[in-house]
Undergrad: 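The structure that follows is given in the form of structure tokens.
Keep in mind that the numbers below use all heavy atoms, side chains included, and drop hydrogens, waters and symmetry copies. Labels below follow one simple rule: chain letters A, B, ... track the order of the sequence lines, proteins then strands, and each chain is numbered from 1.
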There are 4 protein chains.
Amino acid sequence: MSQQKSNRKRTETARRILNTAAEIFSESGFEGARVDEIARRAGVNKASIYYHIGDKQALYARVIHDLFGNAAGQMVENISASLSPTEKLKRYIHTLAGIVDQNPQIAAIMLREQASGGKNLPELVAQDIAGIVGIISGILDEGVKEGIFIKTKPFVVHLMIIGAIVLYKMSSSIRSKYPVLSETSNEQKDQNLKQAAAEVQRLVLNAVKK
Amino acid sequence: MSQQKSNRKRTETARRILNTAAEIFSESGFEGARVDEIARRAGVNKASIYYHIGDKQALYARVIHDLFGNAAGQMVENISASLSPTEKLKRYIHTLAGIVDQNPQIAAIMLREQASGGKNLPELVAQDIAGIVGIISGILDEGVKEGIFIKTKPFVVHLMIIGAIVLYKMSSSIRSKYPVLSETSNEQKDQNLKQAAAEVQRLVLNAVKK
Amino acid sequence: MSQQKSNRKRTETARRILNTAAEIFSESGFEGARVDEIARRAGVNKASIYYHIGDKQALYARVIHDLFGNAAGQMVENISASLSPTEKLKRYIHTLAGIVDQNPQIAAIMLREQASGGKNLPELVAQDIAGIVGIISGILDEGVKEGIFIKTKPFVVHLMIIGAIVLYKMSSSIRSKYPVLSETSNEQKDQNLKQAAAEVQRLVLNAVKK
Amino acid sequence: MSQQKSNRKRTETARRILNTAAEIFSESGFEGARVDEIARRAGVNKASIYYHIGDKQALYARVIHDLFGNAAGQMVENISASLSPTEKLKRYIHTLAGIVDQNPQIAAIMLREQASGGKNLPELVAQDIAGIVGIISGILDEGVKEGIFIKTKPFVVHLMIIGAIVLYKMSSSIRSKYPVLSETSNEQKDQNLKQAAAEVQRLVLNAVKK
DNA sequence: TATGAATGAGACTTCATTCAT
DNA sequence: TATGAATGAAGTCTCATTCAT
């Protein structure tokens, strides 16, 4: 009983730390994030972070592992084997958009990891990402075999999709800060990621369909 | 004469500082970059940086203004008004790839700026970027008017293109660090940005053509 | 009965804490020792230490009191009044060596206390040490009175003896770490404290005998 | 000219840091010493220590290297080859006492190094110490060959000498703090290291002479 | 008694920036 | 202009101690 309560307390504190850390790493990056700030916003003592999780590096590792591991899992779950390649591709894009929408931190972290060449990326997480790339490769190959997709470089298709979605997600803040970036196109109100994802679906299907 | 020499030396020193700074900001981001390291690698005294350019923020501003301003200029130059929308779109992608290829630092910096919501992005640079977005909007609109492109959200198309190219560029290092990321696709040797850009051209044209 | 068991358990826990603390204070000194480490190695919860013994200072006091108090007692016991001064002196050295050999921690702690000028030395322990010094003073005085020893400064003799024995004990580890320290003399295998003590006996007797 | 002044300033600051550090390491040991305190007492900014010397470990290494290296040099200088073994032995003890007297920090640091098994002792310093041990070994061997010394374990003789001198030096503070330690012997006023060294000379010569 | 969690104070170290020459 | 030195602010991490159960 008291064990239970204690466990709940332990995980609750750790969870609060991890969530706050995800936010702050996402806002400021690994180097820009301040452990003090994480503790302050999480409402815990700074030493608690070291007690429960470990140093800044370990904290970062936990955060991105949780984020990306979860994402990979969702992706696998959502794409049932029985679907047609076309439907799978749509689901893939939809799911990706959903993940990014529900975990707003994932977009920024992914971009920064790409920018730094994965300097802080633990092996485990690299595998999660590789899994996601593997899925789309499979879908495209399948489509080619069924004669409904043209032959493409799957990695490039993957980058187009993920690039469009992640950058769209991120651009909302930059666009609101620098209206000049939206003025040129006439879709200011279109900050809805769902709609952008639908557009990506349409464009990508056009691109790969025979 | 000595004035001239002094001027040349002055600009030469400044140039060396700026080039080194571009490298290091690109490798490590604004927060991760160390003024000491920039001075060391540029072979100048640390105080020289403050004398010639200013503080870290000013240095960063100069670097990205040089990088992006130049890019916008190249883009305008390369897309002559007389071309067909299809040809313009191809040129646009080709030019973008060329810029990224010739200025390897631009990719990482752009990603990090996106990630941080343009926290360190000066107005001037935002305008440069807006210019680039404006160009593709124009191309797509023109194609729609001529009846050869379907109606699309230009901003999404832009993100697909730039995302694919920039991420492809960056992914080379991350892929070589984590081979697992390449294993799934069979295009390891394909690390050539030119080829990826050609693929992007083909896919995007498929996507927008009527 | 349960009271008894509880008492036994209580003292057993305290004993385990004290033994471990002695080890760790000996290895690392007061400042270098970590309460966490003591708890870990003793297999008890950190708070237990505070409950059973007290804070770090109190723990240290207990440890050295146990160590030195015991030593003083042994010394008194071993030197029966009926012996000749020569025999007493031999016994004194022999006993000292025995104490140091059986309580390996005592050597390091004594050196560090000397080094710090007894900063952490409780009065009680100082008296224990004074007792030991008193004993050899008595022996030497007695020998002088009996006309078999020359007149000496007893404190210096004491320092020679204790210095040789304690430093010999400690030097084993430093010599094995830095073989260069043993190379110069040809007695590498001679790391036996007993043999060194015999040599000290011989030398000291030579030194003080008429 | 300005170079000279700058050099002087540089070495002067470094010297001040090093001297203060020697004091504080001697008072408190490596773990007990506080970098803040060193900076404060040296009258320099804390960051200056890192600029001029390096981190705490490096600072400690420099301090003991200066101390022990200097000591080894003095010892070699003072013992001219032409002297008799007896005279050399006296000089050896005298010089040791002189070194300890002039560098009060050396005694405490040496004791603590012995206590910790040379945990923080750089190789270079170990060699300095080995050199000192080598000298007395040589002296005793020479005396044996000339038939004026008995055969002894040189390392033990060395420990007796250095133990007596170093402990005597250190004991002054502990004795003044705990008068009980002096009461038993009647030589309170004898805190003069010179006199103690003379006594050591006499005793050691008695001990080793045939 | 025993223990996991919490915490404030403080330790070491780094860094951008400025100073003095 | 150029540079070695200096510095204050801040950042990461540790540790003895206490709390709450």
Undergrad: Just how far, in rounded Å, is C1' of F/dT12 from CD1 of A/Ile53?
TA: 16 Å
Undergrad: Do the non-hydrogen side-chain atoms of B/Val35 and B/Leu59 ever get within less than 4.5 Å of each other?
TA: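 Not touching, per the 4.5 Å side-chain cut-off.
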Undergrad: A/Asp55 CG to E/dC12 C1': how many Å, rounded?
TA: 15 Å
Undergrad: Less than 4.0 angstrom between a side-chain N/O of C/Tyr51 and OP1 or OP2 of E/dT1, yes or no?
TA: no
Undergrad: Tell me which of A/Asn45 and D/Asn45 sits closer to the 5' end of DNA chain F, going by the nucleotide each one is nearest to.
TA: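 Of the two residues, D/Asn45 wins.
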Undergrad: Between B/Arg112 (side chain) and B/Ser26 (backbone), is there a donor-acceptor pair under 3.5 Å?
TA: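 Flag set: sc B/Arg112 to bb B/Ser26 pair under 3.5 Å.
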Undergrad: Flag the pair B/Thr20 / B/Val44 as yes when at least one side-chain heavy-atom distance between them is below 4.5 Å, and no otherwise.
TA: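 Sidechains of B/Val44 and B/Thr20: no contact.
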Undergrad: Should B/Glu12 and B/Arg15 count as an ion pair when the cut-off is N to O under 4.0 Å?
TA: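 No.
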Undergrad: Ignoring hydrogens and geometry beyond distance, is the side chain of A/Lys46 in donor-acceptor contact with the base of E/dT7 at under 3.5 Å?
TA: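 Donor-acceptor pair under 3.5 Å: no.
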Undergrad: Can you classify the ring geometry of C/Phe25 versus C/Phe30 as parallel (below 30°), tilted (30 to 60°) or perpendicular (above 60°)?
TA: parallel
Undergrad: Can you confirm whether C/Asp128 sits close enough to C/Leu124 that some side-chain heavy atom of one is under 4.5 Å from a side-chain heavy atom of the other?
TA: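 They are not in side-chain contact.
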Undergrad: Ignoring hydrogens, what is the shortest heavy-atom contact between B/Arg34 and B/Ile24? Give both atom names and the distance.
TA: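 Closest heavy-atom pair between B/Arg34 and B/Ile24: N-CG2, 4.5 Å.
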Undergrad: Take A/Lys56 and D/Val44, find for each the nucleotide of DNA chain F with the closest heavy atom, and name the residue whose nucleotide sits nearer the 5' end.
TA: D/Val44
Undergrad: With axes from five pairs an end, tell me the bend angle of the helix from E/dA2-F/dT21 to E/dT21-F/dA2, nearest 10°.
TA: 20°
Undergrad: So, is C/Tyr50 close to the F/dT17 phosphate, meaning a side-chain N or O under 4.0 Å from OP1 or OP2?
TA: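 It does, given that an N or O in the side chain of C/Tyr50 lies less than 4.0 Å from OP1 or OP2 of F/dT17.
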Undergrad: Measure the spacing between NE2 of C/His65 and CG of C/Leu18 and express it to the nearest 0.5 Å.
TA: 11.5 Å
Undergrad: Quick check on contacts: within residues 17-41 of chain D, what sits under 4.0 Å from DNA chain F by heavy-atom distance?
TA: none
Undergrad: Within the 4.5 Å heavy-atom criterion, are A/Tyr51 and A/Asn45 side-chain neighbours or not?
TA: no
Undergrad: E/dA6, OP1 or OP2 - any side-chain N/O from A/Thr13 closer than 4.0 Å?
TA: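 For A/Thr13, the contact criterion (side-chain N or O under 4.0 Å from OP1 or OP2 of E/dA6) is met.
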Undergrad: Mapping B/Gln57 and A/Ser48 to their closest nucleotides on DNA chain E, which lands nearer the 5' end?
TA: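 This one resolves to A/Ser48.
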Undergrad: Between E/dA16 atom P and B/Tyr60 atom OH, what is the distance in whole Å?
TA: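 For the pair B/Tyr60 OH and E/dA16 P, the rounded distance is 15 Å.
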Undergrad: How close or far is atom C1' of F/dT1 from atom CD of B/Glu12, stated in whole angstroms?
TA: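 Taking atom C1' of F/dT1 as the reference, CD of B/Glu12 is at 14 Å.
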Undergrad: At under 4.0 Å, does any side-chain N or O of C/His52 touch on OP1 or OP2 of E/dA2?
TA: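 Yes, C/His52 has a side-chain N/O under 4.0 Å of OP1/OP2 on E/dA2.
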Undergrad: Could you say whether A/Ala47 or B/Gly54 is positioned toward the 5' end of DNA chain E, judged by the nucleotide with the nearest heavy atom to each?
TA: A/Ala47
